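A quick note: this is a predicted structure, and the numbers were derived from the prediction, not measured. When reading the values below, keep in mind they use all heavy atoms of this one structure, side chains included, and skip hydrogens, waters and symmetry mates.
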Amino acid sequence: MSSSDEDEMPLARRPRKSGGRVVLPDKIDPAVDRQMEEESMEIDAAHAPGIAIDPAKASKVINGTSGKRKAAMKPTVKDESDSDNEPLSKRRRTVNGISRHQLSDESDDSDAIPLKSSRAKKPAKPKEQSESDFEADDSDIPLQKLSKEKKEIEKAASKQAKKEKATPKTKVTPKAKAANKRKPKDESPSDASDSDVPIAKQRKTASAKKGKAVKKEEDEEPTPVKGKKAKVKVEEAAPKKTAKGKGKAKDEEAPSPEGEDEDAEGYKWWLAEQGDGKQKWETLQHSGVMFPPPYEVLPTNIKMKYNGVPIVLSPEAEEVAGFMAALLEADQAKDQKFIENFFADWKEVLKKFGGAKDQNGKTIKIESYDKCDFRPMFEYFTAQKEAKKAMSNVEKKALKAEKEKVEEPYQYCQWNGRKEKVGNFRVEPPGLFRGRGEHPKRGMLKLRVQPEQITLNIGKEATVPPPPKGHKWGNIVHNQTASWLAMWTENINNNVKYVMLAVTSSLKGQSDFKKYEKARELKKHIDKIRRDYTRDLSDKQTMIRQRATAIYLIDKFALRAGNEKGDDEADTVGCCSLRYEHITLEEPNLVHFKFLGKDSIQFDQLYTVDKQVFKNLRIFKKAPKAPGDDLFDRIQTKHINEWFKDYMEGLSAKVFRTYNASWTMQKELAEMKNVGTVAQKYAAYNEANKKVAILCNHQRTKSKMHDTQMEKKMYEIKALMYQKWRLKKMILDLEPKLKKKKPEYFRPDAEIDNDEWIREHQEWLVEEEKKKIEKKFAKENEKLLENGEKEMKATELKTRLGVLNDMKKEFTKENSSGKVAAVGKSPSVEKFEEQIAKIEEKVQTRISMMKDKENTSEVSLGTSKINYIDPRLSVVFCKRFGVPLEKIFAKALRDKFKWAIESVDENWEF
DNA sequence: CTCTTTGATTCGGTGGACGCGAG
DNA sequence: CCTCGCGTCCACCGAATCAAAGA
């Protein structure tokens, strides 16, 4: 673990500069442990096994409303009671809430008893032994140095160890041991079958309830059919269990008497038998993929220039140049790396497909990007776009119909004889790679995909769709365990791209359903998991302590697991890949996280953490650790997921995100009162949605226009305030005495209480008026011309513009006298007051709209709604509060969540 | 490897500002 | 003169689509 290790560090492990070296010793030196915290005794006592984490300890601190997360360096640390912005603290309470509720039934005891025994055993027996093993095995070979082969061996070993967990071997690898440590009980008899049971159970309850629900609120379908069908299904399903595949296929035919039901639309899979999850289909027929249109060369008069000279390019080179030209006014055109990568690839293309020539055929060597002028191309594209926009509706419609006709065969496939929607059947077109953040490969040329590169996955007996003329498919396979229809490898990162079914398909619906069921299953285990990792937070072994700490972060702050990444990817991190520089510790127990997460999205939050966690992080950052070093130098995501596995089958870090998100949502919705208008309820729903989004750190970049839009809105508000103030002055014109009675009322709003601004605004008003008059004049003239009459003269315009002078005069008068003459036919105080009230209302709604917009300008609600919040929660919300579902789920989401919409009543709980 | 999650980009519909004429 | 209803137009917003990135 000395720094010299770095040199020998195999590249398989994190190759980033200084990252990846193991710095910490295997075991936490008790002296260090003590040194790191004065109150250690108390803290350790507080975290003795069996005592749950104090929910109040973790409260999320979010920096105010300004939206400037970057300024989170010194946020006010809010207390839990300070509820407003603290989804997390709330969540914690919630969590304990459920545990109590949860534990009130048998699961408590069954959990508690073995837990004790497990704890009793652990320190007693194997510890000494395994720790020495750990040292012997590992002291010279840090985890990160393990080569691929070694990892393989270990995997095998750990599997082996698991098999034999009843009789632990003397000599096991650390991982095997880690796996070993978890009590066998955790994957107890119930566990194995668990994964099936809840689904079946859920299915039953859902359909049973369905029958009832239907009777009450009529859906489109006639009640008896639906209810009956549901029932029949369940009864059939239960005993069938063993019948897979074929049986399923037959199942589907059952519904058809009811109507043409053999397409996905009518197939209610959530009422049907589930397959074994391994084989995805029996028969599969589809039309392959749709290729982007071939490149069309530009008109000969459109030429980019090099060094000021128009140049002729081969179609291939022109196409690539066009990719760059299209981005001329995008951010990419200012990104050196992007340009560099583009330029290098483009030069390759030029070399391969004949370089650039001038119009006399003389070769021009392209060597400098700066001498390239893509403007003419850019302008051509812009014009094309405009032209397209300007097309008549009829033309647009025809174009759309044409497009739909071409796409038609690709839209659907036959999946086990059912019509299912295909998702991304279009092959990705060539272009410049738009890697996110500082992706080292951004700007590189993404090549056109040829049919020869494409592998089709299709049923054995199906007709293979014909490849494009003159081409062949790369490969045809019949992989029934895969859900993809087609596949190719992209040239930038050699990533595989798949064509799959649409999210509305039953296949995707099922896996979505399973995802949420898995998250719900976590409820049963979460208390034990939390107890255990809380206990492990003070474990002597560095690895265990790191693992516990990492899991704490994953659970509390919804961090992603943080797999390792290569040098040729953007430098983004998740929990396990956090480095020294990504967290800053602030006494007494604040941690400032600042790093780039998935998609290079900033994670910048200040959290209060458990004291023991704080202490641990401090140890993990202890010298000789330095910037660039892994914070968790002894663990990788797989260790975490291995640990999880013993608690629940299929549990991984991401399940925690789903669980905590849905859990938060449920809690938020439960707190809502069934009062107010639909709009208010909807707003409340969005508030809750927003809390989840913040929890998951779902952001969106403020649109470029955001600030200008805000300014504009603010100006509009000020303009309204000015109008209001003027009306008030008019009241005074009628009833001067009122000023003494209500001096407050007649004072201008603070925002416009500024002579200079008022003067500017008056000028602006005059200017606007002028524009209006001119515009109207022009329009009238146009009409006259159209009707074959002659235009009005310029003098007419002049007279019309005369009112501007009156306006100006009036303003000047008002400014000097401080009075505004009442205008209107029969001006009265009442009339003015009415108008003022109207304006005031406008002002208020605009202000709240602005606030709302500002508030959500950097939070993206969609991602959590689509991927994290169990849709059944939203359905329950709508049913309970009488909010139309369409408010919450737009068409596409209603399709995607059909299974949820049809399977719950208002009493369903996550 | 395979599939899910993710924010950006593009698309398309809507609401509200505006003009106009009728009452 | 004011109000109301209707039509038109375009900014804007949410939805659909896209493809990258992560597990």
Side-chain angles (χ1 to χ4, degrees), chain A residues 280 327 330-331 385 388-389 393 396 400 423-429 431 433-437 439 441-442 446 457 479 481-484 487 489-490 492-504 507-508 511-512 514-515 554 560-566 569-570 572-577 596-601 636-638 640-641 652-655 657-658 661 693 696-701 703-706 709 712-713 716 772 775-776 779-780 783 823-827 831 842 849 853 856 858-868 887 889-896:
Chain A
K280 303 272 176 43
L327 295 172
D331 293 341
K385 260 188 237 159
K388 207 174 157 194
K389 240 203 290 191
N393 274 344
K396 276 183 191 162
K400 204 183 161 195
N424 54 330
F425 53 81
R426 265 175 283 258
V427 172
E428 290 175 16
F433 177 67
R434 318 265 284 232
R436 301 179 188 160
H439 197 295
K441 296 185 175 177
R442 62 198 189 274
K446 197 168 95 168
N457 189 28
N479 182 352
T481 62
S483 66
W484 49 270
M487 182 217 95
T489 303
E490 142 270 6
I492 303 285
N493 299 298
N494 287 322
N495 282 334
V496 182
K497 301 276 188 166
Y498 298 91
V499 171
M500 290 190 193
L501 294 186
V503 286
T504 50
L507 183 86
K508 293 288 185 183
S511 63
D512 209 28
K514 281 185 193 147
K515 175 181 79 183
I554 286 168
R560 292 191 184 81
N563 281 322
E564 286 162 35
K565 296 190 75 185
E569 297 172 273
T572 63
V573 298
C575 186
C576 291
S577 44
L596 296 181
K598 180 176 177 180
D599 289 332
S600 293
I601 295 295
Q636 294 162 243
T637 52
K638 61 175 187 185
I640 287 179
N641 288 330
S652 65
K654 86 167 196 137
V655 180
R657 272 169 76 81
T658 316
C696 295
N697 199 41
H698 292 144
Q699 299 182 18
R700 55 172 183 178
T701 43
S703 74
K704 264 181 218 156
M705 292 311 291
H706 178 84
Q709 274 173 6
K712 201 176 143 199
K713 287 246 157 69
E716 280 169 16
K772 228 191 226 171
K775 206 171 155 191
K776 196 178 165 188
K779 216 172 172 184
E780 280 177 37
K783 219 172 205 169
V823 291
K825 179 84 188 247
S826 45
K831 267 190 188 167
K842 260 190 179 174
M849 269 172 67
K853 198 173 168 181
T856 46
E858 289 180 283
V859 189
S860 151
L861 302 186
T863 307
S864 50
K865 197 193 250 184
I866 293 167
N867 296 299
Y868 285 101
K887 277 279 232 204
F889 291 148
K891 177 76 170 65
L893 285 189
R894 289 202 298 281
D895 287 346
K896 170 172 163 141

Quick one: on DNA chain C, does A/Val427 or A/Cys575 contact a more 5' nucleotide (nearest heavy atom)? A/Val427
Among the nucleotides B/dA8, B/dT6, B/dT4, whichever has the atom closest to the side chain of A/Lys515 is B/dT4
Note: chain A reaches DNA chain C at heavy-atom distances under 4.0 Å over the stretch, first to last nt, 5' to 3', of C/dC1 to C/dA23
Check the phosphate of B/dC3 against A/Ser511, side-chain N and O only, distance under 4.0 Å to OP1 or OP2. Yes or no? no
Under 4.0 angstrom between A/Arg657 side-chain N/O and B/dT5 OP1 or OP2: no
List in chain and number order the residues that pass salt bridge (charged side-chain N to carboxylate O under 4.0 Å, His left out) with A/Lys389, two or more places apart in sequence or in another chain; answer none if no residue qualifies. none
List for me each residue that meets salt bridge (charged side-chain N to carboxylate O under 4.0 Å, His left out) alongside A/Lys508, sequence neighbours excluded, and say none if there are none. none
For atom NZ of A/Lys388, is the number of surrounding heavy atoms from other residues, nucleotides or ligands below 6.0 Å larger than 12? no
Check this for me: A/Lys842, atom NZ, are more than 12 non-hydrogen atoms of other residues, nucleotides or ligands nearer than 6.0 Å? no
In this structure, how many angstroms lie between the C1' atom of B/dA8 and the CZ atom of A/Arg700, rounded? 12 Å
Are any protein N/O atoms closer than 3.5 Å to N/O atoms in nucleotides 11-18 of chain B? If there are, list each pair with its distance.
none

Considering residues at least two apart in sequence or located in another chain, which fulfil the salt bridge (charged side-chain N to carboxylate O under 4.0 Å, His left out) criterion with A/Lys441? A/Asp568
I want to check one thing: is the phosphate of B/dT5, taken as OP1 and OP2, less than 4.0 Å away from some side-chain N or O of A/Lys654? yes
Spacing between A/His698 atom NE2 and B/dT6 atom C1', to the nearest angstrom: 7 Å
Just call it for A/Thr701: base, sugar-phosphate, or nothing, with non-hydrogen atoms closer than 4.0 Å on any strand. sugar-phosphate
Interatomic distance, A/Leu501 CG vs B/dT2 P [rounded to whole Å]: 15 Å
Heavy-atom nearest nucleotide on DNA chain C for A/Gly437 versus A/Arg426: which residue maps closer to 5'? A/Arg426
Please list all pairs meeting salt bridge (Lys or Arg N to Asp or Glu O under 4.0 Å) that have one or both residues in residues 859-868 of chain A, counting only residues at least two apart or in different chains. none
